Colleague: 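First the structure, then my questions, so here it is.
All ligand and atom numbering here is 1-based and tracks the order in the structure. Quantities reported herein were computed from a predicted structural model and do not represent experimental measurements.
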Amino acid sequence: MVECETLVQYCDELLDAQGYRDYCPNGLQVQGRSQIQRLITGVTACQALLDEAITRQADAVLVHHGYFWKGEDQRIVGIRHKRLATLLDAGINLLAYHLPLDYHQELGNNAQLAKRLGILPQGRFGPADAPELGWSGELPQACEATQLADRLHSVLDREPLLIQVHERPIRYIGWCTGAAQGLIEPAAMAGLDAFISGEVSEQTVHIARELGINYFAAGHHATERYGVMALGEFLAGQYGLEHEFVDIDNPV
Ligand SMILES: [Zn+2]
């Protein structure tokens, strides 16, 4: 059992919650009861996750994609009303960490994806105004593009979209979880053999072909399960909480 205030303060410091120019507030987004014993984690604070949290008598829900995004309709109506009413009626706290959970050196989405795929992280890359966004690293053994696709499939339990544009073995890889398809250009400029992101756009395919870099779209949801999962496990160990990651299926 831990005070909600203590837990939030701990997470904020651990993840450097105030250190990012993000598209949403990071930290406690919706206040609930003051004591936390049962923690549910998930990728997105959708209604299905909240319903599961109630079934499992959670005191707090911790997610990567929370609420109050920049540019979003600010009115509390429709599905936004239903989600907030669900949390407030049940007294469940909602904690959300977006960019801080992508970036974190050990618990973050990119670090966790590398760990699962067996890539050794070596550096960062990105556009001139955000050079730290993408991660780059090396596979212990070079492989074929189709072998890496199979590995992604088995690790993430989701078949990736492979855009294969060269036959060279893959050794040096760039990756960035979520909607990071825009990083394919800096990945190619960094001389990497392949780039993995979550989402893909129509134009990503042409860029891959024209810059000669193999590309894998491994799923936004699928690539962003592991940061919040690792953070939940870590917090459970730290404070003796009951923790469960709930996977609400999302093919995108
Ligand atoms: Zn995301």
Colleague: At a threshold of 2.8 Å, where the distance has to be below it, does the Zn ion (ligand 1) have an N, O or S atom of H98 nearby?
Modeller: no
Colleague: At less than 2.8 Å, would any N/O/S atom of H64, backbone or side chain, sit next to the Zn ion (ligand 1)?
Modeller: no
Colleague: Is the distance from the ring center of H65 to that of H221 below 6.0 Å?
Modeller: no
Colleague: Pairing donors with acceptors under 3.5 angstrom, does anything connect the side chains of H64 and T44?
Modeller: no
Colleague: Could you pull out the atom name of the N/O/S atom in E224 that is nearest the Zn ion (ligand 1)?
Modeller: OE1
Colleague: Quick one about Q181 and S201 (side-chain donor to acceptor, distance below 3.5 Å, no hydrogens or angles considered), yes or no?
Modeller: yes
Colleague: Is it true that the side chains of H220 and E224 contain a donor and an acceptor less than 3.5 Å apart?
Modeller: yes
Colleague: Rounding to 10°, state the angle centred on the Zn ion (ligand 1) that links NE2 in H220 with NE2 in H65.
Modeller: 100°
